[in-house]
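Below is one structure, written out as structure tokens; comments come after it.
We count residues from 1, following the sequence as given. Hydrogens, waters and symmetry mates play no part in the numbers below; they use all other heavy atoms, side chains included. Quick caveat, the model's predicted, so the values are computed rather than measured.
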Amino acid sequence: MSRCATCLCTAPTTACSTRRALIASRVNHSLATVRAVARRQGVVLRPLAPGLLEAEGDDLAALVTEAAAELSSVEAAEVRCLLTGVTGDGPDLLVQALTAPSLAAAAARLRHADLVPLFADEEARFHAEYQPIVRLDDAGVVGHEALLRATGVDGSRIMPDQLFPAADEAGWTHVLDRVGRTTAIRDAGPWLADDLLFINFVPTSIYRPEVCLQTTERAAERAGLRLDQLVFEVTEGHVVDDVDHLARVFEHYRSRGCRVALDDLGSGWSSLALLVRLRPDIVKLERAIVQALPEPAAVAVFTAVVDITHSYGGLVLAEGVETPEQARVARELGADLGQGWLWGRPVRPATAPAPARALPGAAPDPSWPDSAVALDPTAQPVPPTEDRDLLVRAVGLTGSSVVVVDALAPDMPIVYVNEAFTEVTGYPVAEAVGRNCRFLQGPDTDRAALDELADALRRGQPHRTTLLNVRRDGTTWWNELHLSPLRDSAGTVTHHVGLQHDVTERVAAESALRERAGTDPLTGTLNRTALLTELDRQVRAGRPGPVVLFVDLDGFKRVNDRFGHTVGDRALVTVADRLRSVVRTGDLLARLGGDEFVLVLADVDPPVDDDGPASVLAGALAAAHRVAADVERVLSVPVELPGGPVSIGASVGVAVHPADGETPTELLRAADLQMYRAKARRARARTASGHPA
């Protein structure tokens, strides 16, 4: 089995006899729970130092498993656990201790021991299945997505939804991710030809791309595949806290000639922000969005993603396509590629190796160090006297803004900021240290978010929030703050450490995308989804109104029939512009679809002689009919089109909350009914006057 330079990321375990357990925590009540479990099991725990316990025995797995179950998930993640066969306190023990997993991970490694024999014989145990990816214009196959599968020691089939959660719990995701990449390439080599190969990867499993991806490149060389055939995709399901790191991974892949993709896009705003930041070569729209087509909300998200991706030259792939109708709609909305059961399910190629035979399993050793940590045996240890200076210099050089405040001093003053803080905020160290962090806030900083932050500080709990902060020069920036408490040996919070990240571009991108998702792409007005959302907010506000005006264009079908839909669209844009001229600031204008528009008068002023609900209703109706008259007036002017001027009239129906309906749907239905009555009255009037209906 090939190794990744000098790293240990090719296997999750090493053979050693586990007879000794070291359990460490700075939380007294967590260690008290571990002691209680040990007493029940008859295991003797000896204190070696404050916060450090030792146990010896032939079977310590039960102690680890039960202790992890007794603790809360937060406690089990904080407690460290080293199961080892090393005696004494020499360098070998120190190496293992520095890489010891949490108690939760140690218990998971015992619980998921069945993964170890798979990793030990990976070429026989793991294989890939492939699903075709096609061009939407002609259904020609352009590539295949590799999906990892495994065969257990009992011959059973093991799917990714079993593999990856187990590996994640045990801290072995880095191993499984590397196996997934190399297996996808190995099994595709004999048959792929010149098609593209799409390979999923977990960005957090790649510590340093130029080192950790060497195994991937060597696998491609052995399989006879070109690097420009490989498309590496990261999914929404893998949380990306460090976008800069993911950008470096993407940059490395691209520098080697590979393509990069974002998978499952559309399932969360974080993905949309990644799209704007990373500009992947291929964007895979999440299947739930595709299968919801042609619902207006799905169309809005789909169109926004297509517009952004095409603006920088990327391609859009619609996932989960199961019917010809979904394929047609996706193609008409601008998607370039498709994937789904319509063109084929994942299959194992006939040229792939035969399924693995059952082999005896082996128990894992939870003392194995995590992931691709290269251990240099020639490196000299850092003397303890240099530890503090080294830590200060390391924090000072990090790219993230770091702030440390004194939790015990009055008003929690800042006691340390690093260089990145001064670069982001513009405040030199001398102007920051000694002050409360409130000086970074401005009048537009969210008060509710600040209250939640203050509550976390009082309770000494970790907290994450995004705040609008103000720099020294008065400009604003969005600060994603990660707050962590520091406790002394007695468990008292002595300091709070804040990691700050400038996410201004991400917030702006999310805001723009949210606005676009609620906008009719033709007229720039609100769409149905945004209208219903805002109308629902208004009816819950308890103020008089809102008043809904349903506008239907008269005879617009004749415009499309005479001039075509392209000219008809130009006419709709003109109509929308004219309707904007009659609405006030704060009123809403939306296009429901086709030639139907809705105006919402948000605030209706009661009459001066207000004497109750009847008077308020009368005032609302009066305001509505004034606006309706303005609508009919501005639309009575002929619209200039390439084929000549065309007259476009309108029928308007009015509904007032709550007299005509309690909910947005009821109000729209009532206004729609009034519009049809108005249209019928106009038709009767034209007939009576001798004009054609």
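Expressed to the nearest 0.5 Å, how far CZ of R181 lies from CG of L197 amounts to 13.0 Å. Separation of atoms CG (L176) and OG1 (T183) is listed at 9.0 Å; rounding is to 0.5 Å. Taken to the nearest 0.5 Å, the CG atom of D411 stands 11.5 Å off from the CZ atom of R435. To the nearest 0.5 angstrom, I133 atom CD1 is 7.5 Å from L337 atom CG. From L483, atom CG reaches atom CD of Q500 across 10.0 Å, with rounding to the nearest 0.5 Å. A distance of 5.5 Å separates CG in L317 from NZ in K284, rounded to the nearest 0.5 Å.
Not a single donor-acceptor pair under 3.5 Å links the side chain of T303 to the backbone N or O of A300. Here the side chain of E431 pairs no donor or acceptor atom with the backbone of P428 at under 3.5 angstrom. Remark: side-chain polar atoms of R26 are paired, donor with acceptor, to backbone N or O of R487 under 3.5 angstrom. A distance-only check finds a donor-acceptor pair linking the side chain of N418 to the backbone of V402 [under 3.5 Å]. The backbone N or O of D488 sits nowhere less than 3.5 Å from a side-chain atom of T492 that would complete a donor-acceptor pair. The closest donor-acceptor contact from the side chain of R259 to the backbone of D228 lies under 3.5 Å. With hydrogens and angles ignored, the 3.5 Å screen pairs a side-chain donor or acceptor of E286 with a backbone N or O of A288. In this structure a side-chain-to-backbone donor-acceptor pair under 3.5 Å is present from Q291 to G320. The backbone N or O of Q441 lies less than 3.5 Å from no partner atom in the side chain of T445, so there is not a single donor-acceptor pair. Remark: the backbone N or O of G314 is not paired with any side-chain donor or acceptor of T309 at under 3.5 angstrom.
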Derivation of the salt bridge (Lys or Arg N to Asp or Glu O under 4.0 Å) call for E480 and R464: CA-CA 7 Å; E480 184 179 83; R464 177 174 177 174; 3.5 Å; yes
Test salt bridge (Lys or Arg N to Asp or Glu O under 4.0 Å) applied to D502 and R471, step by step: CA-CA 11 Å; D502 186 347; R471 297 186 180 90; 3.3 Å; yes
Evaluation steps, salt bridge (Lys or Arg N to Asp or Glu O under 4.0 Å), between D244 and R277: CA-CA 10 Å; D244 290 335; R277 168 72 185 278; 2.5 Å; yes
R580 and L589: CA distance, side-chain angles, deciding distance, side chain to side chain contact (heavy atoms under 4.5 Å, CB included) verdict: CA-CA 7 Å; R580 286 189 183 92; L589 173 61; 3.6 Å; yes
Test salt bridge (Lys or Arg N to Asp or Glu O under 4.0 Å) applied to R254 and E251, step by step: CA-CA 5 Å; R254 283 169 162 157; E251 181 181 355; over 6 Å; no
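Between H501 and H482, a ring centre-to-centre spacing shorter than 6.0 Å is recorded. The six-membered or imidazole ring of Y416 lies away from that of F421, with a centre-to-centre distance of 6.0 Å or more. Aromatic pair Y427/F439: ring centres closer than 6.0 Å.
Checked against side-chain hydrogen bond (donor to acceptor under 3.5 Å, both in side chains), S72 has the following partners two or more places apart in sequence or in another chain: E75.
When only modelled atom types and interatomic distance are considered, D336 and H310 share a side-chain donor-acceptor pair under 3.5 Å. Judged purely by distance below 3.5 Å, without hydrogens or angles, the side chains of S102 and E78 never pair a donor atom with an acceptor atom. Side chains of D455 and Q461: no donor on one and acceptor on the other come within 3.5 Å.
A salt bridge links D520 with R591: the distance from a Lys NZ or Arg NE/NH1/NH2 to an Asp or Glu carboxylate oxygen falls below 4.0 Å.
More than 12 non-hydrogen atoms from other residues, nucleotides or ligands lie less than 6.0 angstrom from CD of E423.
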